Number of protein chains: 2
Amino acid sequence: MESHLRDRDGITETTPPEMEGSMSKRKITISEIAEESGLSIATVSKVLNGRPDVSDVTRSKIQNIIVAKGYRRRSVPEPQAPFIDVVFEEFESPWAVEIVRGAMSAAQNYGFTVALTSLSEGDERRVWFDQITSRGTKGILLLLAQITHDQRAELYSRRLPFVVIDPRGEPDPLVNSVGATNWAGGREATKHLLDLGHRRIAIITGPADLLSARARLDGYRAALEAGGLVIDDDLCRWGNFHLEGGYAQAKLLFALPQPPTAIFAGSDLQALGVLQAAREQNLRVPEDLSLVGFDDLPISQWSSPPLTTVHQPIGEMASLAVKILIDSSKDRNLGEQRIELATHLVIRESTAPLITT
Amino acid sequence: MESHLRDRDGITETTPPEMEGSMSKRKITISEIAEESGLSIATVSKVLNGRPDVSDVTRSKIQNIIVAKGYRRRSVPEPQAPFIDVVFEEFESPWAVEIVRGAMSAAQNYGFTVALTSLSEGDERRVWFDQITSRGTKGILLLLAQITHDQRAELYSRRLPFVVIDPRGEPDPLVNSVGATNWAGGREATKHLLDLGHRRIAIITGPADLLSARARLDGYRAALEAGGLVIDDDLCRWGNFHLEGGYAQAKLLFALPQPPTAIFAGSDLQALGVLQAAREQNLRVPEDLSLVGFDDLPISQWSSPPLTTVHQPIGEMASLAVKILIDSSKDRNLGEQRIELATHLVIRESTAPLITT
């Protein structure tokens, strides 16, 4: 069975019968839509291809026919849109979410789309790597991922620009990276507590292999030493930048013979963990314990009490990383960059002057 | 200038001089890497293409040369990897983040990548629509997005499967959608407060055009009526499912001549807003005010106090939506589906028996 249709422009098309799946549901062809709508094939084609130069009335008319009768599209080669890949080890953290949001906003300005890959499922590195490199990405944003020498070499050999945000390990001059002024932020947080009269000030920083965690700790030490205080190792704790880390380390701090009167929690999530531990200990914040976070995540202003914290320009860091990727993809000879964006203290309600009894 | 090189396998290649960018930095060719490494062109090629059948020693050797000297790759056509697009109006909400996480996890199991598009920048709908449909997506996950009749028709005409998560407006039999048992969840939350002895129970639900918001309100009403109580309109509030909405509506509730002793906050974020308003009012939770959230976001167990809330299986909803998309992309004749996944109450520390004084 073949149907011969003549559209208004006089073009004759031969349409084969449409059989699809087991239901053999008959779908309408482009010629038939033209026929039924009384419009030209060219116009119908414009609507089907999403072209803007069609009036709303015409578009609606054609779409109504399509919805009512269905339409069988021939498969067409799809053009590629440029991608940037964001690869992270964990998407749980609001920090990673803020990065993705900033990257997405910047990428959209350049007409790029953000594709996400999580390594949290215990994938082999080679698998994600091959997937990403095979689909024509313009560049890769790596969050907290450890880059081995081989992986770096492979990215180079495939000529794929990449930027590491908040890198682990030693600073690598061969790798683009973006971070915040973690040392200065740690110093400012601690100085704020000193200025309020606190002397027993603890820090819970992040994992020891994270540059940002070490820099925050060193900033804390620098502030204490500038204030003429001796560093008490009991008050320096390694956490994991997560709620659980803040909670567990705060419990240990509260159990000390001489517990701290103030805690610089290293991250907002750890500060929330400290809040919970304080609540269980019947310690009021800030009356009995002053608390400073780091990051200024949206949630920090909605905790009870709202957190005094160090603002990290996470969105700007991600935007900058995207810009470096796009610049690098255009000019392969750009040198590697390490950029740190400035932090600043935001004072809310979780810190108060030390009350000596 | 041309250089003639002979590799170990006896193949002669003519390599043109490499000029790139303004710096005309000389890059090495595949023949030269073979020459320098003493390995065959076939082996070098395997490493450059990321093939696994090369020993680590060989791979390292070649990558070291590449890192040291650079390599100029000829542009090759890139194969396409299958994409699923997640389109949302706002990425700020932890709820949207949980959906993305669940979608990503499910998509990765199927070998799909998740691409993100945010409409928050005030883009014209047509732009994102054209971008997504032009890059060969296998399907679209729509979060809280309003689908117009025209857009739906266009998705149909382009034969793109789509699923709406937690839809707005009237249930649309022509659209796949996934949600939670919002009515049952609202009912269970309210019944829990009734069982604790509360009688002045308020609700702050979400925007009136969101099905889930209306269903939670109706569940609340059903529980009160089953308990023999009359609905007090003063205690029924429309919020926005965000922190600000919970905060603002709680302020109004506390200012009533007869304020509530318990609030079902409609969402965890709204519950956090209520907590802040309560703190400002010197109301203790749960001693002076019982509070129930909805969603069971990760943050809900870390608020002070941890929230009693209605668990919504957000990850499972997203996984199911991805599965529907992939099934639909394989079999165009599948019917439209509306699926609701079960909620359940999680009792933590923000609710307590009413103390009558």
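Keep in mind that the numbers below use all heavy atoms, side chains included, and drop hydrogens, waters and symmetry copies. Proteins come first, then strands; the chains are lettered A, B, ... in the order of their sequence lines, and each starts at number 1. Given the structure is predicted, the values throughout are model-derived calculations rather than measurements.
- For A:Ser303, the part lying near chain B is the backbone, with the side chain staying farther off; criterion is any non-hydrogen pair under 4.5 Å.
- Using bins of under 30°, 30° to 60° and over 60° for the plane-to-plane angle, the ring pair A:Phe83/B:Phe83 lands in the parallel bin.
- Contact residues of residues 274-288 of chain B toward chain A are B:Leu275, B:Gln276, B:Arg279 (heavy-atom distance under 4.5 Å).
- Proximity to chain B is limited to the side chain of A:Glu349, based on heavy atoms less than 4.5 angstrom apart.
- No other option in B:Val100, B:Leu269, B:Leu272, B:Val86 has as many heavy-atom pairs under 4.5 Å with chain A as B:Val100.
- Of the atoms belonging to B:Glu244, heavy atoms from both backbone and side chain fall under 4.5 Å from chain A.
- Within the 4.5 Å cutoff, side-chain heavy atoms of B:Thr117 are placed close to those of A:Gln108.
- B:Leu116 places none of its side-chain heavy atoms less than 4.5 Å from the side chain of A:Thr113.
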